[in-house]
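The next block holds one structure in the form of structure tokens; read it before the comments.
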Amino acid sequence: MHKSGFPHLSLGNKLIQAYIKCGDIEGARNLFDEMPQRHIVTWNSMISAYVRHGLSGEAIRLFERMCLESVFADEFTFSIVFKAFSDMGRVYGGRKAHGLLVVLGVEVSNAFVGSGLVDMYAKFGRLRDARLVSDCVVEKDVVLLTALIVGYTQHGENCKALEVFRDVVAVGIKANDFTFSSIPIACGDLGDRRSGMQIHGLMVKSGYGDVVACKTSLVTMYSKCGLIDDSLKVFERCPDANLVTWTALITGLVQNGREESSLLMFKQMVSKSLNPNAFTLSSVLRACSVLTMYEQGQQIHCIVLKTGLHRERYVGAALIDMYGKSGSIGMARIVFESLDKCDVVLINSMINSYAQSGYGQEAVELFDHMRKSGIEQNAVTFLSVLSACSNAGLLEEGSRIFSSLQRDSKLDPSTDHYACMVDLLGRAGRLKEAENLIKQVEEPDVVLWRTLLSACRIHGKVEMARRVMTRVLELDKKNDGTHVLLSNIYASAGEWNEVSNMKIAMKNLKLKKSPGMSWIEVDREVHTFMAGDLSHPRATEINEELKRLREKIETLGYVPDVRFVLQDLNEEQKKRSLYYHSEKIAIAFGLLSNIRNSTFIRIFKNLRVCGDCHNWIKFVSKVSQREIIARDAKRFHHFRDGMCSCGDHW
DNA sequence: TTAGGGTTAG
């Protein structure tokens, strides 16, 4: 023992090592603090233990204390401390440590030091610095080059990642499982199937084809290349799939439009007692959102709450989006307000939810609040708030925000931003101003002209529509939506000859009008209806319900508005055609299904709700005492007690 | 002692 009663220097170090080995970091720290003098190895052991236990902040504090006490850091210290700085995102501190390394004359060419430094700069996104350090190391090893590859892939520089990988192969450095779990990501993000498949072959040849992380990386690579069936093949040969592998597959399925399969896979995963994390849950929430399956979405929300992941940013954004897209704006707001920290994506999700439900004022307030709080707004923020203004007809606020976007030198308004303004002006009947705004755009796209064409329809401006149509056709001859739009303008004006000319034009161009359909989720099953569609097993009941509703609402003053029938029919035929619009059938079915005694009914339509249906739903919401939420191609309508949230502006 | 695979807004 040391005369002061403390263990001898090397014995003390051994004791600290023993504490660390047992995972007793607190014990190691106490002993460390009590030691009258410490060897460099002791400092290094302690710093290293902190980093390995996820206590990088503590590691940095100890490193700084070491410098203050004039203990010279060595290669070992630097190899570990750079990771601490990158874990904590402390760019400035990391650079200072690099400076100290130079002053102390520690060699960067040491493989461990070089790799640590390259990895730190790569994680900070300072890839030029990472490359400079890497170039100073004469004998580069696989760890250093893999760190560089990962840095490039994580910051979207996938071509450079592939270049480094090709260098690795060319100079004969043996790529290992870490390299093979990183490089397919670059191929996936580039959509480079050829390189992806070559690397897959090389991986198998090198003996890493059975490493789970490598296979996971292949699942992602194939799915990002649009080859989801190949992802499934890799997954089938992965009996040791872990949570990351399952999540990669579930995400891939969602990204490839196979949302139903992704939900089935999720169920399988849970049945294997694998607990989903934030990655998994945000992907399945997206699947529910796309499928408009909100009962499922709510169940996933329960899992989120049970697992305590409701404060995770990615999950929060996915939940806000899911509730926003389901028209449950109250729930979206509850999730939003429960978050501890806000970032631009979360706020954009909330603004966008407001936009879709027509809550323009709330969207503008959040936008203004964001600006006051100093949170940087991006192009999506402006697009979301402008679309909120356009859905709610807030011309004054929209113009103010659009002007500030034009003044803001950091962001250039895109054609999408202009489209919102054209829509706002157009709907307000200021068609000439809308047209002038389009002329300000250097290369106006077809969306802008089509937006103006749509405004012409609302205001019945047939002559202007003819002119705008020629511009639309110059840019996109083969768009069914455009032809239908102009045909509807002619139909509203009673120009039936022109309507049949449009039909002939569409036939010649082999364009088909996409059929209108509505759907509703009942007991986690989706029921879809077309106009006049009486093929549902409960068609007779639906018909009776429609009749009951008609009788009730007619006593309150509902009159079918045949102006919305865009076919050349007689009055009685027109009324009958309105009677069986798909949204009416879906609502009648919803009412008779009495979904879980719910106070509301939610339906979806792939096209815009027509004026007569809009009026019909208002009456039905009154007689049925239900809130009816209808999502059409663009937005939500919340009907309650004979009124609609859109204030008839849509 | 150093490097890896899966997630959010339009």
Side-chain angles (χ1 to χ4, degrees), chain A residues 41 44-45 47-49 51-52 74-83 86 110-120 122-123 141-151 153-154 175-185 188 208 211-221 223-224 238 241-252 254-255 276-286 289 309 312-322 324-325 343-353 355-356 378-387 414 416-417 419-420:
Chain A
V41 176
N44 286 344
S45 303
I47 292 174
S48 168
V51 174
R52 273 186 281 123
D74 64 5
E75 281 89 352
F76 193 105
T77 329
F78 284 109
S79 68
I80 189 80
V81 86
F82 291 130
K83 182 172 162 51
S86 78
N110 173 298
F112 295 105
V113 175
S115 301
L117 203 45
V118 166
D119 183 55
M120 180 186 75
K123 294 255 163 66
D141 68 355
V142 66
V143 178
L144 185 144
L145 292 171
T146 303
L148 200 56
I149 287 173
V150 172
T153 58
Q154 287 182 347
N176 64 16
D177 49 340
F178 281 75
T179 329
F180 280 116
S181 58
S182 314
I183 195 65
I185 305 304
Y208 297 105
V211 177
V212 68
C214 298
K215 285 185 282 188
T216 305
S217 182
L218 289 177
V219 168
T220 302
M221 183 273 287
S223 86
K224 287 200 174 165
C238 194
N242 59 21
L243 180 61
V244 183
T245 325
W246 279 92
T247 305
L249 184 72
I250 289 167
T251 306
V254 178
Q255 286 167 348
N277 63 11
F279 289 80
T280 334
L281 292 169
S282 35
S283 280
V284 284
L285 282 168
R286 189 178 164 80
S289 207
L309 292 165
E312 290 276 331
R313 268 173 43 233
Y314 282 71
V315 176
L319 277 171
I320 293 168
D321 189 51
M322 191 269 292
K325 287 203 169 73
D343 66 9
V344 64
V345 174
L346 288 164
I347 299 180
N348 288 353
S349 307
M350 194 62 226
I351 293 180
N352 205 38
S353 296
Q356 287 174 41
N378 62 20
V380 180
T381 321
F382 278 93
L383 197 56
S384 303
V385 75
L386 285 172
S387 116
S414 71
D416 290 337
H417 294 115
C420 286

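A note on names: the letters A, B, ... follow the listed sequences, proteins ahead of strands, and every chain is numbered from 1.
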Practice task
List the protein contact pattern of nucleotides 1-6 of chain B with one symbol per nucleotide (5' to 3'): B for base contact, S for sugar-phosphate-only contact, - for none; contact means a heavy-atom distance under 4.0 Å.
Solution key: BBBBBB
Handout entry: Within-4.5 Å side-chain heavy-atom neighbours: A/Ser115 and A/Asp141
Key = yes
Problem - Rounded distance [0.5 Å steps], OG1 in A/Thr77 versus CD1 in A/Ile47 - result: 6.0 Å
Practice task
Just jot down the side-chain contact (heavy atoms from CB on, under 4.5 Å) partners of A/Asn378, sequence neighbours excluded, or say none.
Solution key: A/Val344, A/Asn348, A/Val380, A/Thr381
Handout entry: Point-to-point distance, once rounded to the nearest 0.5 Å, from CZ of A/Phe178 to OG1 of A/Thr146
Key = 8.5 Å
Fill in the blank from the handout: Rounded to whole Å, CG of A/Asn348 lies from C1' of B/dA9 at a distance of 5 Å
Practice task
Kindly give the heavy-atom pair with the smallest separation between A/Pro184 and A/Met221, and that separation in Å.
Solution key: O-CG, 3.2 Å
Exercise for the section: Name the nucleic acid region contacted by A/Ala278, choosing base, sugar-phosphate or nothing; use a 4.0 angstrom heavy-atom cut-off, strictly under. Expected result: base
Exercise for the section: Please report, rounded to the nearest Å, how far the P atom of B/dA9 is from the CG atom of A/Asn352. Expected result: 10 Å
Problem - Distance test, side-chain N/O of A/Arg313 to OP1/OP2 of B/dA9, below 4.0 Å - result: no
Handout entry: From OG (A/Ser282) to CG (A/Leu309), nearest 0.5 Å
Key = 9.5 Å
Practice task
For A/Phe382 and B/dA9, give me the distance from atom CZ to atom C1', rounded to whole Å.
Solution key: 15 Å
Exercise for the section: Indicate, with a heavy-atom threshold strictly under 4.0 Å, whether A/Asn44 touches base, sugar-phosphate, or nothing. Expected result: nothing
